[in-house]
Amino acid sequence: MPQSLAAIHLHVIFSTKNREPWLAADLAPRIHAYFGGIARSNGSCLHTSGGMPDHVHLLLSLGREQTVAGLVGGLKAASSRWVHDTFADRAGFGWQAGYGAFSVSPSQLSVVRSYIDTQAEHHRARTFQEEYRRFLQKHGIECDERYVWD
């Protein structure tokens, strides 16, 4: 086959270090836009992003030459560096070490987009930890919680 093609969609979730509320109204829209540029520069596509002051949700199409770990690591490293370079008062900003990446069927892209776009509504009823546990259960992922929350 002379051409390589891929259609791999991911819902990626990660929090700020210690779930500190760093993503206030002044930073959140800018960092989400920055995620889009990082994804593009890595041959991937950010369809939508959102979250709360202590975590983010990203709906991405993985570039055909990217790995999940490479893309997420790049998103976290570059955005953290950008925050430190742009906002002198946020020297303590950081992302948690881990992340969750969940496959999304093309037929469910609009459902996931809607879920990400309505994060504030979801978090009126549940915490980030409760939400994340539900994702792990829904996708059949077992984990030792001693190593999930940093």
Side-chain angles (χ1 to χ4, degrees), residues 1-20 22-23 26-87 90 93-123 126 128-150:
M1 179 180 280
Q3 188 175 19
S4 299
L5 303 169
I8 302 168
H9 309 290
L10 301 170
H11 182 176
V12 175
I13 306 167
F14 52 89
S15 77
T16 57
K17 184 143 183 83
N18 300 316
R19 286 162 310 287
E20 294 288 331
W22 286 106
L23 305 174
D26 65 327
L27 176 57
R30 293 179 68 186
I31 203 162
H32 290 291
Y34 200 75
F35 284 141
I38 299 164
R40 260 189 318 280
S41 72
N42 284 290
S44 297
C45 178
L46 177 68
H47 295 283
T48 194
S49 63
M52 298 298 290
D54 66 345
H55 71 280
V56 297
H57 291 256
L58 309 172
L59 179 58
L60 297 152
S61 290
L62 188 65
R64 63 184 174 84
E65 295 181 0
Q66 269 295 325
T67 64
V68 175
L71 179 58
V72 176
L75 288 164
K76 290 166 70 173
S79 62
S80 182
R81 201 169 30 254
W82 173 77
V83 169
H84 292 144
D85 291 347
T86 308
F87 300 92
R90 293 185 171 102
F93 176 84
W95 298 112
Q96 74 176 120
Y99 62 88
F102 307 96
S103 60
V104 178
S105 167
S107 66
Q108 295 299 302
L109 289 172
S110 62
V111 172
V112 174
R113 179 186 301 272
S114 176
Y115 180 83
I116 292 172
D117 292 344
T118 57
Q119 277 293 289
E121 292 174 33
H122 301 294
H123 288 288
R126 76 178 57 92
F128 170 70
Q129 289 92 334
E130 291 167 333
E131 174 188 49
Y132 196 71
R133 282 183 195 108
R134 287 182 66 182
F135 270 94
L136 295 174
Q137 291 168 349
K138 179 179 176 183
H139 291 273
I141 300 172
E142 293 184 24
C143 68
D144 184 337
E145 287 202 30
R146 291 178 297 173
Y147 306 106
V148 174
W149 318 115
D150 64 353

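Numbers here simply count residues along the sequence, with the first being 1. Treat the numbers as computed from the prediction; the structure is a model and nothing was measured.
- Ring geometry for H11 against H57 counts as tilted: the plane angle lies between 30° and 60°, on a 0 to 90° scale.
- What you find for D54 and R19 is that their closest heavy atoms are CB-O, 3.3 Å.
- The minimum heavy-atom distance between A101 and V68, with the atom names listed, is CB-CG1, 3.7 Å.
- In terms of heavy atoms, G50 sits closest to I116 at N-CG2, 3.4 Å.
- Of all heavy-atom pairs spanning V104 and L109, the tightest one is CG1-CD2, 3.7 Å.
- Legend: residues meeting salt bridge (Lys or Arg N to Asp or Glu O under 4.0 Å) with D85, ordered by chain and number and at least two apart, are absent.
- Nearest approach of F35 to S79, heavy atoms of both residues: CE2-OG, 3.5 Å.
- A 6.0 Å sphere centred on CD of E65 holds no more than 12 heavy atoms belonging to other residues, nucleotides or ligands.
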Could you go step by step and tell me if R90 and D26 meet the salt bridge (charged side-chain N to carboxylate O under 4.0 Å, His left out) rule? CA-CA 12 Å; R90 293 185 171 102; D26 65 327; 2.8 Å; yes
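- Checked by atom type and distance alone, the side chain of Q119 never pairs as donor or acceptor with a backbone atom of M52 at under 3.5 Å.
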H55 and E131: side chain to side chain donor-acceptor pair (under 3.5 Å), yes or no, with the steps? CA-CA 11 Å; H55 71 280; E131 174 188 49; 3.3 Å; yes
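- No more than 12 heavy-atom neighbours from other residues, nucleotides or ligands sit within 6.0 angstrom of CZ on R134.
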Step-by-step side chain to side chain donor-acceptor pair (under 3.5 Å) determination, Q66 to S44: CA-CA 8 Å; Q66 269 295 325; S44 297; 5.3 Å; no
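- Judged by distance alone, the side chains of S61 and H47 do bring a donor and an acceptor atom under 3.5 Å apart.
- Here the NZ atom belonging to K76 is positioned 12.5 Å from the CD1 atom belonging to I38, to the nearest 0.5 angstrom.
- A 4.5 Å side-chain heavy-atom check between F93 and I31 finds at least one atom pair inside the cut-off.
- In this structure, the ring-ring contact (aromatic ring centres under 6.0 Å, His included) partners of H139, at least two apart in sequence or on a different chain, are F102.
- In this structure, the side chain of Q96 engages the main chain of S15 through a donor-acceptor pair within 3.5 Å.
- Side chain of T67 to main chain of G70: a donor-acceptor pair is present (N/O by atom type, distance under 3.5 Å, no hydrogens or angles).
- The side chain to side chain contact (heavy atoms under 4.5 Å, CB included) search around T86 returns R30, W82, not counting sequence neighbours.
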